[in-house]
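Structure record follows, encoded as structure tokens.
All chains are named by letter (A, B, ...) in the order of the sequence lines, taking the proteins before the strands, and each is independently numbered beginning at 1.
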Amino acid sequence: MLDLAYLRENLEEARQRLSHRGFVLDVETFRRLDSERKNLIHEGERLKQLRNTSSEEIARLIKEKVDVTEKRNEMKAVGQRIKEIDETLGTLEEEIYRFASIIPNLPDTDVPIGLTEDQNVEVRRFGQPPAFDFEPKAHWDLCPALGILDLERATKITGSRFPLLAGAGARLERALINFMLDVHTKEHGYSEVVPPFMANSRSLFGTSNLPKFEEDLFKVKDTDYYLIPTAEVPVTNIYRDDILEDDRLPVKFTACTPCFRSEAGSYGKDVRGVFRQHQFNKVELVKFTRPEDSPLELESLVKDAEEVLKRLRLPYRVVIHATGDAGFAAAKSYDIEVWLPGQNAYREISSCSNFRDFQARRANIRYRPSGGGKVRLVHTLNGSGLAVGRTWIAIVENYQQKDGTVVIPDVLRPYLNGMTVIKPQKVI
RNA sequence: GGAGGAAUGGCCGAGUGGUUGAAGGCGGCGGUCUUGAAAACCGUUAUGCUCGGAAGGGCAUCGGGGGUUCGAAUCCCUCUUCCUCCGCCA
């Protein structure tokens, strides 16, 4: 959420910057709500001051044994009026909060301006797409023959877009998780957590998945619980309503969790294989930083995620989101796109964002600057490091052989008991 | 699931209707002392909103919400969380 004080004083600038991402800020409504609010506050505070001074006076008069009946009745009416004003004000502030909570974050000034993903800008590339002396297959053709993926049975168990990995496929998934977590915890300084896989609406509001994106979530019936769409939600909310000590910053967490997304509105997109699923595993990186540190922390976060792909020797590129393609809460974000031979394209495998104080304000996450300054909002950042299911696809497709087997990348072999190649197998 | 108890500032902890935004302690910050440090001593130290150019005012906040009252940290109702005991399950 944006700072309402900033909005009040820089309404035109905010309107302008938000227009770069295709958001039309209703300046008139905001001005009207804001001035109504001010009027009510002034009137209410005037009456409360009257009530406070009169109460003191009544206490004094009682001591002096003076009759206060009239004064009391007078104040009773004032009290009634205060109650009415407070109720109206409460309703109005809710309205303002609702209004503000669906305004997206301001894009950073160094983000390329553009409304569509065509205007995203590639910033760097690693590796070359592998040259095959045969026609490489997509994973949905390759994997059933290997017996490591069974989508028909997954659909039977649940429905479409759920994964069922088997044998070496299942072990590859687990190896990837352990490999990624080891890199981030042992080498990149992240602490590992295992958070709840369901979160309440307050938490989802904090990361701004609610109220605007409820249709993307699975909700547990008759509860206030949602299946998490990413570990970002529970991990960011670890510090909701907390005040962190300065010397603890930056705090860096990593967590592997299943992610559940309803993918409403994506029908007809990526329908084959396991690229877009209702459930997938993801290793997430989350940082809480001082405001002045967040731009550089975003750069290092992206590098931390890239390192996983480098070690797996998977070709990728890094793309910066244009203003209009960045997520609702992001001020700036990079995607990492891995090369998928089966699609002959670079596809998203990680998204890394700086939210600045946008989530921190919603979730009320603050820190106390050393040297005794005022409590300030932290900046939050996060990124995938990486989406495990998509990494799984990338390995299978990039490391496939002419005979349909898949070579295991060197760095993963210790995690697979020395396995070097995935051969056809039947475990289901 | 049943029965009790508790929730106060960054932390600990007083406080049962009228200068209590809140004693005291710890911690933090500034200072005195010291070659330096520690100790000791002195001072200072919440957040949000609002008025103001500023100085400085005002309002709200003692887990959340509601109620009683001229007036609530304090009384009542309710919700949440935590603790103890019993039961159940792993």
Side-chain angles (χ1 to χ4, degrees), chain A residues 1-11 30-101 194-196 198-206 220 222-226 234 237-249 251 288 290-291 357-358 360-378:
Chain A
M1 197 156 73
L2 298 180
D3 180 10
L4 289 178
Y6 163 84
L7 211 52
R8 222 166 265 142
E9 281 150 39
N10 306 276
L11 200 51
F30 181 76
R31 282 219 181 90
R32 177 176 57 77
L33 294 174
D34 193 50
S35 81
E36 277 176 29
R37 172 176 166 274
K38 282 237 158 112
N39 290 339
L40 285 172
I41 285 174
H42 293 164
E43 178 65 1
E45 289 197 351
R46 188 181 68 78
L47 292 173
K48 281 175 186 169
Q49 188 176 1
L50 174 64
R51 178 177 67 183
N52 288 344
T53 52
S54 296
S55 289
E56 275 176 49
E57 197 187 341
I58 288 171
R60 204 182 65 241
L61 292 174
I62 289 173
K63 261 187 207 149
E64 294 167 8
K65 309 261 197 263
V66 177
D67 178 57
V68 293
T69 315
E70 193 183 332
K71 197 93 192 160
R72 252 189 203 152
N73 289 337
E74 216 174 281
M75 282 307 107
K76 201 178 172 104
V78 170
Q80 195 53 40
R81 178 74 188 126
I82 287 172
K83 201 178 151 192
E84 286 164 19
I85 289 173
D86 278 349
E87 272 168 24
T88 313
L89 182 62
T91 311
L92 186 65
E93 293 203 311
E94 270 173 39
E95 197 178 337
I96 292 170
Y97 205 73
R98 272 199 306 276
F99 178 89
S101 66
V194 178
M198 295 186 206
N200 60 32
S201 54
R202 183 79 207 284
S203 292
L204 284 146
F205 181 85
V220 180
D222 296 329
T223 70
D224 184 42
Y225 301 160
Y226 295 79
N237 279 282
I238 286 173
Y239 288 136
R240 172 147 53 78
D241 295 324
D242 277 346
I243 299 173
L244 302 172
E245 290 307 321
D246 190 284
D247 57 17
R248 298 214 46 206
L249 299 175
V251 177
F288 303 84
R290 297 180 195 93
D357 61 12
F358 193 84
R361 184 170 295 105
R362 288 174 158 244
N364 192 29
I365 306 171
R366 296 169 296 169
Y367 79 105
R368 189 178 306 283
S370 58
K374 283 221 168 233
V375 175
R376 301 171 71 193
L377 294 168
V378 300

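- The separation of B:G4 from B:C77, taken at their P atoms, amounts to 13 Å, rounded to a whole angstrom.
- Here, B:C59 and B:A73 have their P atoms 14 Å apart, quoted to the whole Å.
- With both ends at atom C1', the span from B:U45 to B:G10 equals 10 Å, rounded to whole Å.
- Shown here, B:U68 forms no base pair; nothing in the strands shown gives a Watson-Crick or G-U wobble contact with both key distances under 3.5 Å.
- Across the strands present, B:C89 finds no partner; the criterion is a Watson-Crick or G-U wobble pair with both atom distances under 3.5 angstrom.
- Residues A:R240 and A:S203 have side chains that bring a donor and an acceptor to within less than 3.5 angstrom of each other.
- We find that CG of A:L89 is positioned 11 Å from P of B:U50, with the value rounded to whole Å.
- Rounded to whole angstrom, the span from the CG atom of A:D241 across to the C1' atom of B:U61 amounts to 14 Å.
- B:G15 and B:C75: their C1' atoms are spaced 15 Å apart (whole Å).
- Note that CZ of A:R8 and CG of A:D34 are 4.5 Å apart. Values are rounded to the nearest 0.5 Å.
- Every pair passing side-chain hydrogen bond (donor to acceptor under 3.5 Å, both in side chains) that includes a residue from residues 71-83 of chain A is listed here, sequence neighbours excluded: A:R81-A:E84.
- Searching all strands for a Watson-Crick or G-U wobble partner of B:C29 with both distances below 3.5 Å returns B:G43.
- Rounded to the nearest Å, the gap between the C1' atom of B:C62 and that of B:G57 is 24 Å.
- Remark on RNA chain B: of its neighbouring residues A:R366 and A:R46, the 5'-side contact belongs to A:R366, judged by nearest-heavy-atom nucleotide.
- When rounded to the nearest whole Å, the span between NZ of A:K38 and C1' of B:G52 equals 13 Å.
- Spacing between B:G28 and B:C76 at atom C1', rounded to whole Å, works out to 40 Å.
- Contact check on A:E56 versus A:R60 returns no salt bridge, with no Lys/Arg side-chain nitrogen under 4.0 Å from an Asp/Glu carboxylate oxygen.
- Ring pair A:F288/A:Y239 is perpendicular by interplanar angle, where above 60° counts as perpendicular and below 30° as parallel.
- A 3.5 Å limit on both hydrogen-bonding distances identifies no Watson-Crick or G-U partner for B:A38.
- For the pair A:I41 CD1 and B:G57 P, the interatomic distance rounds to 21 Å; values are reported in whole Å.
- A:I85 places its CD1 atom 21 Å from the P atom of B:C49, with the value rounded to the nearest Å.
- Residue-level contact check: A:R37 touches the backbone only, with heavy atoms under 4.0 Å from sugar-phosphate atoms and none from bases.
- For the P atoms, the distance from B:C29 to B:A38 is 11 Å, rounded to whole Å.
- Along RNA chain B, the nucleotide nearest A:E87 and the nucleotide nearest A:L50 are compared for position; the residue whose nucleotide lies closer to the 5' end is A:L50.
- At whole-Å resolution of the value, CD1 in A:I96 and C1' in B:U50 are 14 Å apart.
- Taking a pair to require two hydrogen-bonding distances under 3.5 Å in either a Watson-Crick or a G-U wobble arrangement, B:A54 remains unpaired.
- A:M75 approaches A:R51 most closely through the heavy-atom pair SD-CA, 4.1 Å.
- The nearest whole Å value for the distance from the CD atom in A:E43 to the C1' atom in B:C51 is 15 Å.
- Between A:R98 and A:E95, none of the side-chain N atoms (NZ, or NE/NH1/NH2) sits under 4.0 Å from a carboxylate O, so this pair counts as no salt bridge.
- Using atom P as the reference point in both B:A60 and B:U19, the two lie 14 Å apart (nearest Å).
- By the 4.5 Å heavy-atom criterion applied to side chains, A:D86 and A:K48 are counted as neighbours.
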- [ ] Going 5' to 3' through nucleotides 69-74 of chain B, assign each nucleotide B (protein heavy atom under 4.0 Å from a base atom), S (under 4.0 Å only from sugar-phosphate atoms) or - (no protein heavy atom that close).
- [x] SBS---

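- In this structure B:A22 sits in no base pair that meets the Watson-Crick or G-U test at under 3.5 Å.
- We find that CZ of A:R368 is positioned 12 Å from P of B:G9, with the value rounded to whole Å.
- Side-chain atoms of A:Q49 stay outside donor-acceptor range of the base of B:G58, with no qualifying N/O pair under 3.5 Å.
- Nucleotide B:U84 forms a pair with B:A3, judged by Watson-Crick or G-U wobble geometry with both contacts under 3.5 Å.
- Using a 4.0 Å heavy-atom distance criterion, A:R376 is classed as making no nucleic acid contact.
- Donor-acceptor pairing under 3.5 Å is lacking for the side chains of A:D224 and A:N200.
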